[in-house]
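Data first, discussion second: the structure below is written as structure tokens.
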Amino acid sequence: MNSEIITRFAPSPTGYLHIGGARTALFNWLFSKNQNGKMLLRIEDTDKTRSTKEAIDAILFGMEWLGLNWDDDVIFQSQQIDRHKEVAYKLLDSNNAYYCYCTQIELDEMRKKAASEGKSPKYNGKWRDKTPNESDKTVKPVLRIKTSETGSTLLDDLVQGQVHFKNDQLDDFVLLRSDGSPTYMLASVVDDFDMGVTDIIRGDDHLTNAARQSQIYDAMQWRKPRTSHIPLIYGIDGNKLSKRHGAMAIGDYKNMGYLPETIINYLVRLGWSHGNQEFFTVGEMIDLFKIEKVNKSPSRLDFKKLTNMNSNYIKSKDNNDILTIIKDHHQNLNIKIKDGDIYNQILTIIPSLKEKSKTINDLIELSSYLTRDDDEITVKNELLDINNQATNKHLTGIVNIIKNIKNWNIIEIENSIKSYIDDNDIKLFELAQPLRIVLTGSTVSIGIYDIITSLGKNAVINRVNKYLKN
RNA sequence: GUCCCCAUCGUCUAGUGGUUAGGACGCUGGCCUCUCAAGCCGGAAACAGGGGUUCAAGUCCCCUUGGGGACACCA
């Protein structure tokens, strides 16, 4: 008895892998892993004019980045066309399909008429029982399925529950286009069958397609796979995802500084939960995931929560892993590091960096005072509104103190600065803030002692002196 | 328009007839503080509306309203 679970993720390469597609892939992956099954990847590229190589690459890259590995080789639907046709002709031979000679104009009018009569704008079955005469044969026909006109189709969906459709609502959809190419409706059923798919997990925009496709299974007398139609994700405003709110390619999330584990963890909590638990390791997700627990209601994308989750993952990451991530991003951002020793300096401040960073971009920004040359630190006067004689006096004073520090370590540095402010009866803020701005070019940074320690004596003196000269 | 699905704080959600309706993000008051965060201690914030069923309803049923999806020679 072969009871292996096989799922598939079947994106069409007409756009990039967006966040909703990523979640569908994730649910497929978790479902199959949970049951020691397989997840296959099928690229639905039957629409040759809209499919692109770039989109395929983006999908594969996105899945790899997220760690959603698929089993076996990638299947390209376009390579199975002969098989799709074969099934179509079997359907024709068994009187479950027929040629339709309607023109596009004819179909448009048919739909307009149905709409004006308050009926569903489906194909009216004009050619179901007709044989074409000579004049009809000037148009190239499509092959349509002959759906049952009576009875009803029951869908027993793992997420949606039992859903009934009256068969008279189902239209005779197209199997083969007039150029002989198979449609998605046909191709995906044939491929799912041939691939031995036991469970289809896809967006609930396919729910009615499931009822329609079930006609093909019945006509072929094929065993139907179980289905799970998961709700879609919307933007924060409740509308369909668009460029405006994050339907960007999954790679864009990488560029925005999100960790793949953040994305995975955030997505799994959209529509699925395990009590009040917010954070899951991948292993926990696999163990706990049950498709039946997925909600039926759609959810919205919330970047605030995503960002919060990311900051938590950054904090929990190993220092050396963070360093590796910083290095990768420097490469991506084309930030040139002249001296390899800078990474040793960065490593020392990673504990502080992690505490203040919500994204990888924050890590980069907060450590940029180390990756930039002394000359590249510019102090805008509006930043230094405490720019006055007293400030300059203290900056001069502190340079002299720093020059005399013998053991360059954070304790020594902190003690020296503290005694300076005590001696001069000023608040730490009055010295630390100007110093911060002069040393980093920013009003926001990690702790001032960390800055000074990591920068090294020469750089500190150079940067302060450079400022004082101007 | 027809059919299908959905409905707990602003958002993600817990809840499976008896709960002070819980958590997380966000918002907010305070503490801490060299900046910004973080952290710690508090706070406001929800069962869409109306009918049933029941001793008892966020939980079950019906209607209304409001969202969403499908209705292509796209996938």
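Letters go in sequence order (proteins before strands), and every chain restarts at 1.
In terms of phosphate contacts, A:Ser445 brings no side-chain nitrogen or oxygen within less than 4.0 Å of OP1 or OP2 of B:C36. Using a 4.0 Å cut-off, some side-chain N or O of A:Ser299 falls inside it from OP1 or OP2 of B:U13. OP1 or OP2 of B:G10 has not a single side-chain nitrogen or oxygen of A:Lys305 nearer than 4.0 Å. In terms of phosphate contacts, A:Arg212 brings no side-chain nitrogen or oxygen within less than 4.0 Å of OP1 or OP2 of B:A70. One finds a side-chain N or O of A:Arg177 lying less than 4.0 angstrom from the OP1 or OP2 phosphate oxygen of B:A75. Side-chain N/O atoms of A:Arg436 include none lying less than 4.0 angstrom from OP1 or OP2 on B:C36.
Taking atom C1' on both nucleotides, B:U54 is separated from B:A45 by 31 Å, rounded to a whole Å.
Interface remark: the A:Glu278 side chain does form a donor-acceptor pair with the B:G23 base, using a distance-only criterion of under 3.5 Å. Side chain A:Asn276 to base B:G22: a donor-acceptor pair is found below 3.5 Å. With hydrogens and angles ignored, a donor-acceptor pair closer than 3.5 Å exists between the side chain of A:Asn209 and the base of B:A75.
Of the candidate nucleotides B:C3, B:G22, B:C5, B:C3 has the atom lying nearest to any side-chain atom of A:Gln169. Checking B:A38, B:U13, B:U35 against every side-chain atom of A:Phe429, the shortest atom distance belongs to B:U35. For A:Gln433, whose side chain is taken as the heavy atoms from C-beta onward, the closest listed nucleotide among B:C34, B:G26, B:A70 is B:C34. If you check B:C34, B:C6, B:C3 against the side chain of A:Lys296, the one that comes closest is B:C6. The side chain of A:Lys122 sits closest to B:C71 out of B:C71, B:G10, B:A75.
For the pair A:Arg144 and A:Tyr123, the cation sits on the ring face: its NZ or CZ lies under 6.0 Å from the ring centre, inside 45° of the axis.
Contact annotation for A:Lys358: backbone-only contact, meaning every heavy-atom pair under 4.0 Å involves sugar-phosphate atoms and none involves a base. Within the nucleic acid shown, A:Met185 comes within 4.0 Å of at least one base atom, counting heavy atoms only.
Between A:Asn167 and A:Ser152, the side chains place no donor N or O within less than 3.5 Å of an acceptor N or O (distance only, hydrogens not considered). Looking only at atom types and distance, the side chain of A:Asn265 has a donor-acceptor partner in the side chain of A:Tyr313 under 3.5 Å away.
Salt-bridge annotation for A:Arg212 and A:Asp171: present, with a side-chain N of the basic residue lying under 4.0 Å from a carboxylate O of the acidic one.
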Side-chain donor-acceptor distances from residues 156-164 of chain A under 3.5 Å, at least two apart:
{"unit_1": "A:Asp157", "atom_1": "OD1", "unit_2": "A:Val159", "atom_2": "N", "d": "2.9"}
{"unit_1": "A:Asp157", "atom_1": "OD1", "unit_2": "A:Gln160", "atom_2": "N", "d": "2.8"}
{"unit_1": "A:Asp157", "atom_1": "OD1", "unit_2": "A:His229", "atom_2": "N", "d": "3.0"}
{"unit_1": "A:Asp157", "atom_1": "OD2", "unit_2": "A:Thr227", "atom_2": "OG1", "d": "2.7"}
{"unit_1": "A:Asp157", "atom_1": "OD2", "unit_2": "A:His229", "atom_2": "N", "d": "3.2"}
{"unit_1": "A:Asp157", "atom_1": "OD2", "unit_2": "A:His229", "atom_2": "ND1", "d": "2.6"}
{"unit_1": "A:Gln160", "atom_1": "NE2", "unit_2": "A:His229", "atom_2": "O", "d": "2.8"}

